[in-house]
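Contents: one structure, followed by commentary.
These numbers were taken from a predicted model, which means no experiment stands behind them. Letters go in sequence order (proteins before strands), and every chain restarts at 1.
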Amino acid sequence: MLLNILKQALRNAIDKWGRVASQNVPPFDITIPPSERLGDYSTNAAIILAKILKERPENIAEELLPFLEKEGLTEKIEIARGGFINFFLTSQLLEAVIREILDKGGKYGFPQIGEAKKIQLEFVSANPTGPLSVAHGRGAVIGDVLANLFARLGYNVVKEYYINDHGSQIEAFAKSIEARYFQLFGEDMSIPSDGYRGEYVKDLAKIIREEVGDKLLYAPKEVRGELFRERGVELMVQSHRETLKRFGVEFHSWFQESNLHHSSTIAKTLGVLKEKGLIFEKDGAIWFHSTLFGDDKDRVLVRSDGSFTYFAADLAYHRNKYERGFAQVIDIWGPDHYGYVRRMLAGTRALGYGEGWLRILIFQVVRLVREGELIMMSKREGEFVTLDELIDEVGKDAVRFFYLLRTIDSPLDFDMTLAVKQAPENPVYYVQYAHTRIHSILKEAEKRSLSPQSITSARLDLLKEEKEKALIKKLGEFPTLISTTLASLEPYNIVRYSMELARIFHNFYESHRVIVDNEDLAKARLQLMKATLQVFKSCLQLLGVEAPERM
RNA sequence: GCGCCCGUAGCUCAACCUGGAUAGAGCGUUGGCCUGCGGAGCCAAAGGUUACAGGUUCAAAUCCUGUCGGGCGCGCCA
C-alpha cells in the first residue's frame, strides 16, 4: 500500500538523519497535492519537525532531502514553499500497485483485521405498524453497506432487525385492524384517534377475513385483540422482509421486543442495575440514575402502573446483545431518536460494557420532493410514499446509490421527479458504465487472442502516460479509502471514491486505446484494466449495486 | 428556557473531527469532441468576501468567542 510505504520511508529517513527519533515526531500527513505539478504525494513532515526543533521548515527539509532520496522510492523530490516536501514517485512503485491488486484480487484493500470477531449491526427496526418508508430505506442502505465492509475485513457480521411488537402503538395498530375487519362485515366500529388510517390496514383486515372468516366477530374481546395484534405484526414484518429483499438487504436475525417482556430478561437487567445501586423510586415509578453516566436527566424504567418503559426493554435488549458475545455493536437510528442516544449510552456504561462497545449512528432526515414541493408524510394518516414505490419508480441500484450521495449527517432531499426523469443519468450508471466499458475491452482483447499474459512478464514499465499514472494512483488509494471508511463509518466515502475512479477511468479511456498495435503496450494496459476492474468490483460489491457486463 | 447540529458556486452537497499550497464534485448554463476497445462518455469556460465580527496561529472553511439566520432534541410515547 502506497501511503504506508511512503510513510515508512519517511520515518527511516528521519531516523537516519538522526536529529530526532521518528517515534518522537508527532503525526504528519502524506497527502495528494492540489496540482500534479507539485508531485504525486506531499508531506508536511518538515513543518511538523520545524515546530519541535524551532527552526525554519525549509532548512529542515533541505537537511532531510538526501536521506529521503536514498530511500529510492522517488524519481524526484522537491521542496516547496512553506516547507512542503513533494514526492514524484518512481514508475516501479506505481507498477507495484498493479501487481498487488492482481495478486490479491478481491482481498486488495481489505486487511483481515476482523479475525472473526463478532460484530452486530442493528438497523431499520421499523415499527411493524405500517409499510417501510423512504426514511427506513436510508438506514437500510447505510447498515447494509457497513455490514458488507466489515464482512470483507474478516469480521463475523450479524445484521439484526429489532421488531417493536409491544406497547401502545402496537395496541392502536391492532385496534385499527379490528375496526377495519368489523367494517368489512358492515359493522360500525371506528378507528381510535391514535389509530392508523392507511389503506394497507384495510388490506390486512381482508387477509385476516380470508384466513378466519367471520369467526372473530363473535370471539371474546381479548382473544380477538391478541389475534389482530399478532397476525397484524406478522404480516407487517413479512412485508418489511420482502421489501428489504427487493432492496438487496437481507437480515440474519429478527429479534422481537415481546420476547423480552415474556421472559424475565428485563427484570434481570433491572436487577443488575439495582445491585449496582443505580436505581431509585420516585412518584411511584422506578428510575435509572442515568445522569451519573452522562445523560441529562434520570429515566423511568418501570411506570407507576407497573409496566416497563421502552427504554427498560431496550436496555435488556442491549444486555442480551452483550451476552450473545458481540465484541462490537452498531445501532443505526433515524433522526427522531436523537434524544435517545445519551440515555442508551449511559445504560451500556452503567452495565459496564466499556466505552466504544456500542456505537450509535444517527442519519439525517429524508424528505421527498415532487415537482419542487415537499411531500408531507404521516404514517398515521397513511399519506406517504413507501420504499416499495420508490424502488418501483427508480430501481434498486439507483435508489441505493442515491441514498449514499450524502453524508449520514446531511439531510437528503429525494426529488422524485428528478430521480425518475433522470434515472438514466443517475451517477450510479456513470460508475456501472465504467465497469461495462472495461469488460468490453477485455472481451475485445480476448476476441483478438490478446489474452493478458502473466503479470510477472508484463511490461508495466510502458505505462508512462499521465492518465495511466493518474489511474494507477487512484487505484493505490483504495486501501486508504477502506481504512478511512472504517474509522468514519461513512459509506458516502465509497460512493465518492467510485465516482472519482470512474471519472479518471473515463478520462483515460477517451485519450488512449488499450488495444494498440504495440503488443507489449497493449498487454500492459490490459493488466491495468484488469486491476481497475477489480477495484470497481470491490466498490460495487460494498455498495450492493450490480456490476453489469452490459447495460 | 436548556442542549445539540447547520450556514461553502444559481441549486444540491464535499472538504471541518485531525488547521496547510490555487476551497472541490454533481446538476444547471455556455462552447467544443463520434470513419478505431460501447457517446449512459470526454474536454473547456463562466460561477466563491466559505453568513457576519473578533481571536489563536508561520498558516483558518477548519480551532475559540460573540452576533444573525435555519433545523432538531428536551414524555411514566415507541
- Protein-proximity profile, nucleotides 16-23 of chain B, B/S/- by nucleotide at the 4.0 Å heavy-atom cutoff, equals ----BBB-
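Looking at which nucleotide of RNA chain B each of A:Glu510 and A:Asn493 is closest to, the 5′-most match is held by A:Asn493. Residue order along RNA chain B, read from the 5' end via each residue's closest nucleotide, puts A:Pro411 first among A:Val516 and A:Pro411.
A:His512 comes within 4.0 angstrom of a nucleotide base, judged by non-hydrogen atoms across all strands. Contact annotation for A:Ser410: backbone-only contact, meaning every heavy-atom pair under 4.0 Å involves sugar-phosphate atoms and none involves a base.
The side chain of A:Arg343 approaches B:rA78 more closely than any other nucleotide in the set B:rG75, B:rA78, B:rC76. Distances from the side chain of A:Arg437 to the nucleotides B:rG39, B:rC76, B:rG26 place B:rG39 closest. Distance from the side chain of A:Tyr509 is smallest for B:rC37 among the nucleotides B:rC76, B:rC37, B:rA14. The nucleotide whose nearest atom lies closest to any side-chain atom of A:Arg503 is, among B:rG26, B:rA78, B:rG39, B:rG26. With distances taken from any side-chain atom of A:Asn507 to the nucleotides B:rC43, B:rC37, B:rC4, the minimum falls on B:rC43. Side-chain atoms of A:Arg303 lie closest to B:rA78 of the nucleotides B:rA40, B:rA78, B:rC43.
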All N/O donor-acceptor pairs, side-chain side in residues 298-306 of chain A, below 3.5 Å, sequence neighbours left out:
| unit_1 | atom_1 | unit_2 | atom_2 | d |
| --- | --- | --- | --- | --- |
| A:Asp298 | OD1 | A:His289 | ND1 | 3.3 |
| A:Asp298 | OD1 | A:Ser290 | N | 3.1 |
| A:Asp298 | OD1 | A:Thr291 | N | 3.1 |
| A:Asp298 | OD1 | A:Thr291 | OG1 | 2.7 |
| A:Arg299 | NE | A:Asp295 | OD2 | 2.8 |
| A:Arg299 | NE | A:Lys297 | O | 3.3 |
| A:Arg299 | NH2 | A:Asp295 | OD1 | 3.2 |
| A:Arg299 | NH2 | A:Asp296 | OD1 | 3.1 |
| A:Arg303 | NH1 | A:Ser307 | OG | 2.8 |
| A:Arg303 | NH1 | A:Phe308 | O | 3.1 |
| A:Asp305 | OD1 | A:Ser307 | N | 2.9 |
| A:Asp305 | OD1 | A:Ser307 | OG | 2.7 |

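With its ring centre under 5.5 Å from that of the base six-membered ring and a plane angle below 30°, A:His337 counts as stacked on B:rA78.
Across the strands present, B:rG3 finds its partner in B:rC72; the criterion is a Watson-Crick or G-U wobble pair with both atom distances under 3.5 angstrom.
No option in A:Ile504, A:Ile438, A:Ile441 other than A:Ile441 meets the side chain to side chain contact (heavy atoms under 4.5 Å, CB included) test with A:Tyr509.
Aromatic ring centres of A:Tyr310 and A:His166 lie farther apart than the 6.0 Å criterion allows.
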